[in-house]
Amino acid sequence: NAGVTQTPKFQVLKTGQSMTLQCAQDMNHNSMYWYRQDPGMGLRLIYYSASEGTTDKGEVPNGYNVSRLNKREFSLRLESAAPSQTSVYFCASSEVAVTSGNTIYFGEGSWLTVV
Amino acid sequence: EDKVVQSPLSLVVHEGDTVTLNCSYEVTNFRSLLWYKQEKKAPTFLFMLTSSGIEKKSGRLSSILDKKELFSILNITATQTGDSAVYLCAVLPVESDYKLSFGAGTTVTVRA
């Protein structure tokens, strides 16, 4: 029972490099999310996808792009990495909107360091 | 801008102690509040609270919401070392079905 799977788990990038974080969920959820977690700041929403074919900005979208490839997969791309993007990234999914009493299920995180 | 503040930032207790964690919020048009437990990796869901004054309970954990005073508390009784974790509080506003605002978390360490 995999749930939400993220890859890679650890990555070191040089400033200016690009990379894509991959996320897949096997719970047939409609909604998917990307968060970043920094010390002392809690989780902050980068982008979300309410359903297949739609994406929307969250609280901190600058420097990131996303693709909802299909219902299962939601990727996060850093086009030109900056040290400020050093963080732990969490992918998450929910069956429908949180308001329906459905909670969000998180992946195990991807530790990204930009040097 | 929505604001969620958790206190204390961290605490250390001994097994068997009772812990009370606080979450206060300033959210325009509050809809619901959620509690998560994070042990090193993925946060896991504990409670969702939407109505004031109704306690949610799961084993040794319980939580209650006060919509008038804009806060929630999470209680853990008879703590065990397995309760050591970061506890996160998140709030959902009416105008968004998807945009949870998280607090910075409270780190709880339970010593044997």
Side-chain angles (χ1 to χ4, degrees), chain A residues 1-6 9-10 23 25 27 29-51 54-61 66 68 74 87-111, chain B residues 1-10 21-51 54 56 58 61 63 65 85-107:
Chain A
N1 190 6
V4 179
T5 304
Q6 300 178 224
K9 286 191 171 28
F10 300 95
C23 175
Q25 51 90 10
M27 297 176 280
H29 284 172
N30 288 293
S31 307
M32 297 186 73
Y33 313 78
W34 275 106
Y35 286 87
R36 60 178 288 174
Q37 186 174 35
D38 302 294
M41 301 195 72
L43 287 154
R44 291 183 291 168
L45 182 64
I46 305 171
Y47 271 94
Y48 68 98
S49 170
S51 59
T54 69
T55 60
D56 285 285
K57 295 179 180 179
E59 184 184 352
V60 288
V66 290
R68 183 73 182 267
F74 189 39
S87 188
V88 183
Y89 292 85
F90 287 95
C91 179
S93 71
S94 62
E95 185 174 352
V96 287
V98 180
T99 56
S100 303
N102 292 280
T103 188
I104 291 179
Y105 296 87
F106 287 87
E108 296 204 331
S110 296
W111 274 253
Chain B
E1 184 178 309
D2 297 340
K3 190 175 177 183
V4 181
V5 178
Q6 294 187 244
S7 63
L9 288 178
S10 65
L21 308 181
N22 300 287
C23 175
S24 63
Y25 60 90
E26 294 175 20
V27 175
T28 305
N29 299 324
F30 171 89
R31 190 201 300 259
S32 58
L33 184 147
L34 292 81
W35 284 98
Y36 286 84
K37 177 182 181 182
Q38 185 175 23
E39 299 173 88
K40 295 185 180 177
K41 293 186 178 179
T44 53
F45 173 74
L46 293 175
F47 300 110
M48 179 186 283
L49 302 155
T50 54
S51 301
I54 298 176
K56 292 260 180 123
S58 176
L61 277 68
S63 184
L65 175 68
V86 176
Y87 290 84
L88 300 168
C89 168
V91 175
L92 188 72
V94 166
E95 60 267 20
S96 172
D97 291 349
Y98 302 94
K99 294 184 180 179
L100 284 170
S101 293
F102 280 84
T106 294
T107 301

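Here is the naming used below: chain letters follow the sequence lines, and residue numbers restart at 1 for every chain. All values reported here derive from a predicted model rather than from experimental measurement.
Side-chain atoms of L43(A) and Y36(B), non-hydrogen and from C-beta on, never get closer than 4.5 Å to each other.
Closest approach of G107(A) and A42(B) over heavy atoms only: O-CB, 2.9 Å. Shown here for T103(A) and F45(B), the closest heavy-atom pair between the two residues is OG1-CD1, 3.0 Å. Contact record, K99(B) with Y48(A): CE-CE2, 3.7 Å, taken as the closest heavy-atom pair.
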| side-chain contact (heavy atoms from CB on, under 4.5 Å) evaluation trace for D56(A) with Y98(B) | CA-CA 10 Å; D56(A) 285 285; Y98(B) 302 94; over 6 Å; no
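L100(B) touches chain A through backbone and side chain together, each having a heavy atom under 4.5 Å away. With a threshold of 4.5 angstrom between heavy atoms, Q6(B) does not approach chain A through any atom at all. Only the side chain of Q37(A) comes within contact range of chain B, with heavy atoms under 4.5 Å apart. Residue contact with chain B, scored on non-hydrogen atoms closer than 4.5 Å, is absent for K9(A). Contacts between L45(A) and chain B at a heavy-atom distance below 4.5 Å involve the side chain alone, from C-beta outward.
For the atom pair OG of S101(B) and CZ of R44(A), the computed distance is 11.5 Å after rounding to the nearest 0.5 Å. Remark: F106(A) CZ to Q38(B) CD distance equals 8.0 Å, nearest 0.5 Å.
You'll find the ring centres of Y35(A) and F102(B) inside the 6.0 Å limit.
No side-chain donor from either of Y105(A) and T44(B) sits under 3.5 Å from a side-chain acceptor of the other.
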